[in-house]
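Below is one structure; the comments refer to it alone.
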Amino acid sequence: MKSKILIIEDNPQNMYLMTYLLKSFDYEVIQADNGREGIRLSREARPQAILLDIQLPELNGYQVAEELRKDASLREVPIIAVTSYAMPGDKERALAAGASGYIEKPINPKTFIFQLQELLLSHQPGAGEGA
Ligand code: MN
């Protein structure tokens with residue numbers, strides 16, 4: 001079964017690039033271009049992981065992460081914040097809001113998939129937080 005990834009991102013170039021990279025590694029991709037749509041699709045499509053931009057219309061990435069973590073059925077899904085290199089405070093805030101990890105923008109096409117896979121491996125059920 002293909003792993004399903006939801007991308008919540010309002011920048012068309014970033015959306016295109018992440019989608020292209022994921023599909024070329026055989027992931028199934030679902031797209032949302034604003035925070036509210038991202039929450040709706042998280043509930044409806046049950047992705048195995050969520051890539052979450054921070055600067056988003058409707059609800060920002062922190063609000064989206066907080067909302068998803070309130071939902072018991074989505075509490076375990078890895079949320080990977082895609083944060084701007086130029087905004088150092090973003091990472092800490094994203095983690096505090098419930099993100100499992102982060103990948104920095106600009107997205108590096110050579111390393112993006114490997115960064116993602118490494119983050120997902122460390123957040124598999126049973127990987128044991130603090131064990
Ligand atoms: Mn954005």
Side-chain angles (χ1 to χ4, degrees):
M1 197 185 71
K2 279 191 184 182
S3 224
K4 198 175 357 178
I5 311 272
L6 169 64
I7 306 175
I8 310 175
E9 166 69 79
D10 65 324
N11 177 294
Q13 277 109 337
N14 286 332
M15 177 66 96
Y16 176 85
L17 180 57
M18 288 191 277
T19 299
Y20 173 81
L21 292 167
L22 286 165
K23 285 190 171 171
S24 56
F25 279 80
D26 214 31
Y27 289 93
E28 182 184 340
V29 174
I30 305 160
Q31 301 180 333
D33 65 4
N34 70 69
R36 204 169 296 286
E37 178 71 355
I39 290 171
R40 191 185 72 75
L41 283 175
S42 302
R43 295 192 170 121
E44 189 183 289
R46 301 279 147 191
Q48 272 79 53
I50 298 168
L51 282 161
L52 176 63
D53 179 30
I54 298 299
Q55 311 287 338
L56 284 167
E58 303 287 327
L59 295 171
N60 67 35
Y62 310 120
Q63 294 170 305
V64 172
E66 279 166 9
E67 199 59 38
L68 295 178
R69 290 310 186 216
K70 281 187 213 155
D71 186 327
S73 67
L74 291 168
R75 209 161 280 160
E76 301 292 321
V77 64
I79 299 172
I80 310 303
V82 186
T83 60
S84 171
Y85 175 72
M87 306 279 276
D90 275 9
K91 294 168 202 145
E92 292 71 22
R93 242 185 112 184
L95 296 176
S100 318
Y102 54 83
I103 293 175
E104 274 181 1
K105 283 184 199 176
I107 292 154
N108 181 340
K110 289 195 179 125
T111 59
F112 174 75
I113 290 291
F114 306 110
Q115 291 175 286
L116 175 64
Q117 287 176 338
E118 197 170 300
L119 287 168
L120 295 184
L121 269 178
S122 58
H123 284 92
Q124 271 175 349
E129 249 147 77

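Atoms within each ligand, like the ligands themselves, are counted from 1 in listed order. For this chain, numbers begin at 1 and follow the sequence in order.
Checked by atom type and distance alone, the side chain of Q48 pairs as donor or acceptor with a backbone atom of K4 at under 3.5 Å. S100 places a side-chain N or O within donor-acceptor distance of the main-chain N or O of I79, the cut-off being under 3.5 Å.
In summary, N11 places no N/O/S atom under 2.8 Å from the Mn ion (ligand 1), failing the contact criterion. Taking 2.8 Å as the criterion, D53 counts as a coordinating residue of the Mn ion (ligand 1), since one of its N, O or S atoms falls below it.
Surrounding CD of E118 are at most 12 heavy atoms belonging to other residues, nucleotides or ligands under 6.0 Å away. With a 6.0 Å radius and a threshold of 12 heavy atoms from other residues, nucleotides or ligands, Q55 has its CD atom at or below the threshold.
The closest approach of D10 to the Mn ion (ligand 1), by N/O/S atoms, is made by OD1.
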